[in-house]
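Chain letters run A, B, ... following the sequence lines, proteins first, then strands; residues in each count from 1.
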Protein chains: 2
Amino acid sequence: MKLDSEHLEILAMIVEKGGLTEGAEALGKSQPSVSRTMALLEDRIGAALFEPGKRPLRPTELGESLARIGARIHALNLEASRMVQSFRKGHTGRLRIAGTPIFMDGVVSNFIADFQTRQPDVQIEQSYGYLDQLSGQLRNGALDMAIVPLHPSSAPTDMSFVPLLPGRNVIACRAGHPLMRKATITLADIEPYPWIAPPPDSPLYRDLQRALKSIGKEDFRVSFSGGTLASIISVLARSDSLTVLPYSVVFLSRKTAGLDALRIRIAHPDRHLGMLTFDGGTPPPSLRLFAGFLKDEFQLLEARIQHESQVTKRRG
Amino acid sequence: MKLDSEHLEILAMIVEKGGLTEGAEALGKSQPSVSRTMALLEDRIGAALFEPGKRPLRPTELGESLARIGARIHALNLEASRMVQSFRKGHTGRLRIAGTPIFMDGVVSNFIADFQTRQPDVQIEQSYGYLDQLSGQLRNGALDMAIVPLHPSSAPTDMSFVPLLPGRNVIACRAGHPLMRKATITLADIEPYPWIAPPPDSPLYRDLQRALKSIGKEDFRVSFSGGTLASIISVLARSDSLTVLPYSVVFLSRKTAGLDALRIRIAHPDRHLGMLTFDGGTPPPSLRLFAGFLKDEFQLLEARIQHESQVTKRRG
DNA sequence: GGTCTAATATTGCTTTACGTTATGAAGCTG
DNA sequence: CAGCTTCATAACGTAAAGCAATATTAGACC
């Protein structure tokens, strides 16, 4: 015998309110409706739920016990409703975000942290990868959003790309690096210092090659490679190595990690860092929230970067 | 928005079984039925519960969360079903039993204890009273059973009376009482000892009067009155007082309380101790269980009493 | 003890949801 | 890509829930 949870909830409400009429009112149903529902329930369980012939309907022992269970079921049902509401608004859920390692570690993770202080019930699963791999994962639904550097026009046709920040790389070094004392830096000045290289298959590695070529440097000595941002920062800070990093990364880790950027202009990659999402399928509601948040935060970041560079220019 | 608990339970089962078809089977429903139910649920909450286009139907994040709640609801529902079953079989519930004080304390409470070791989920509310009061309580549903001494033919017409034990009173004293050493006891032997009297409105008090009259004793000195059985036993044990008690009470407390019965025959009251229940209304199922148990136990008790009296007779 | 009032039950009818079987569409596997 | 399995859809009968209107009855109040 399976009894209807809804009936138990109604029973609970009647018992709580102390009468059928009041219970019906609280439930937003008509009095005859709940009356018949209770009669049906009593028929099914084959026992009285209310003392017979009592006018302010009083539950029997069994009725009271079942009402307690009904109340617990009602609470769970409410919890489910709230969960759905929260999910629909994007305040609850799981987001699977991936992107290029340096950007994720150096920039995006900071914003994820800020986002989660506002939306603590949105669980974020971060992973790393480059465009080809990530767009595949977006298509088969293994990923909700990729954050990649991309020329807007070269985004896959079945995806949406929202730019966040123009690509701009710099040569990074530790804060007290000897080269920082020079007003202008020549190719010869750079010559003695070893380089930290990102993974050879990364866009950043190609950026490094292109950037050095743009200032006339054809070959370079790699002293360290393969590390994620944390390692790169550690090595940079404890040596006179140089590397190419997105300026946003350097900007955000300047104070905490003791990084700085050489006063030398290198070629900008013709790309934007942006958010890539798959057009097919229904994105989780929290994705909209997160995307909006990121867009705002990156706008602020760009403004801070602009402001900083103007101040620096005036001083320099 | 109120969602159907039943739907959440179905969702939980699908997720647990890893597929819609298996879930439907486990629920004893057809596959199309649960399929449509899930479609309906998805419509209502306005979000996907299952990853679209996956053949062994895989729940989304939200689907999984709701399924967890559904599983808890299902557990509660099961608990309710079991409670109903248990109640119908009489293994659960509340019984309100009342009776004359001495019998309840001296005899019935022992059997209640035994009953509850078998049926620990039957809660028993004991109270005390005499016939008039108790039959009123039976009628208005404040009591499930009264255990009273009664002549079977004088039971109220709207009630059932099941005799448990023929009324048989004895003169009780402490085990080492001086009178116990006498082979035959005369009225003069009894003369010096004070009496413990039950409450004046109790049947037992009338029994006491009648019993003493039956052996020719018209007046008696009352040294203690008004106590319940525990007090009576204490006073009896620490003095040479006498009192009239049902033999069953003396029999059961002999060893533990150091009571004994004088070897003198007094008038039997023309009554039986028995169970009185109201015919109107539906008794709780556990009442049948309890009544059956009491009947058996009292039969055993009577057999033990018979056996004992035969042994005593042979010895004496 | 009769009468009034408010609480509950009953009746009649409509709508919704659930159940079934039969059948179509679409992943997954080899 | 054939074949199997899994899920979705269609069509239809039944059970139940909804409502309004109305009958019944327990408690309360003279």
- Task: Would you kindly give the CG-to-P distance between B/Leu20 and C/dA25, to the nearest whole Å?
- Result: 19 Å
- Over 12 non-hydrogen atoms of neighbours within 6.0 angstrom of CD in B/Glu64: yes
- Query: When you check the phosphate oxygens OP1 and OP2 of C/dT20, does a side-chain N or O of B/Ser30 lie under 4.0 Å from one of them?
  - Reply: yes
- With the threshold set at 4.0 Å, does a side-chain nitrogen-carboxylate oxygen contact exist between B/Arg68 and B/Glu16? no
- So does A/Glu61 pair up with B/Arg94, basic N to acidic O under 4.0 Å? yes
- Task: Nearest whole angstrom, please: distance from the P of C/dA7 to the CZ of A/Arg58.
- Result: 17 Å
- Distance, rounded to the nearest Å, where A/Glu22 contributes CD and C/dT8 contributes C1': 13 Å
- Ignoring backbone atoms, establish whether B/Lys29 has a side-chain N or O less than 4.0 Å from OP1 or OP2 of C/dG19. yes
- Round to the nearest Å and state the distance from B/Arg36 atom CZ to C/dT23 atom C1'. 15 Å
- Message: Once you apply a heavy-atom cut-off of 4.0 Å, does B/Thr21 come out as touching a base, just sugar-phosphate, or nothing?
- Response: sugar-phosphate
- Is the centre of the A/Phe293 ring less than 6.0 Å from the centre of the A/Phe111 ring? no
- For side chain to side chain donor-acceptor pair (under 3.5 Å), just list the numbers for A/Ser86 and A/Thr92, CA-CA rounded to whole Å, side-chain angles, deciding distance to a tenth of an Å, and then say yes or no. CA-CA 6 Å; A/Ser86 176; A/Thr92 301; 2.2 Å; yes
- Between which nucleotides of DNA chain D, 5' to 3', does chain B make heavy-atom contacts below 4.0 Å? D/dT6 to D/dT9
- Note on the structure: The answer to which of B/Ala39 and A/Ser33 contacts DNA chain D further toward the 5' end, by nearest nucleotide, is B/Ala39
- Note on the structure: Axis-to-axis angle for the helix from C/dG1-D/dC30 to C/dG30-D/dC1, ends of five pairs each, to 10°, equals 50°
- Query: So, is B/Arg44 near the phosphate of C/dA17, with a side-chain N or O under 4.0 Å from OP1 or OP2?
  - Reply: yes
- Query: Do any side-chain nitrogens or oxygens of B/His7 fall under 4.0 Å of OP1 or OP2 in C/dA17?
  - Reply: no
- Message: Is the shortest side-chain heavy-atom distance between B/Glu125 and B/Ile97 below 4.5 Å?
- Response: no
- Message: Does either side chain, that of B/Gln119 or that of B/Ser286, offer a donor lying less than 3.5 Å from an acceptor on the other one?
- Response: no
- Ion pair A/Lys2/B/Glu6, N-O distance below 4.0 Å: yes
- Whole-Å gap separating P (C/dT16) and CG (B/Leu40): 12 Å
- Message: Around atom CD of A/Glu25, are there more than 12 heavy atoms from other residues, nucleotides or ligands closer than 6.0 Å?
- Response: no
- Is there a donor N/O on one and an acceptor N/O on the other, under 3.5 Å, for the side chain of A/Gln31 and the base of C/dA9? yes
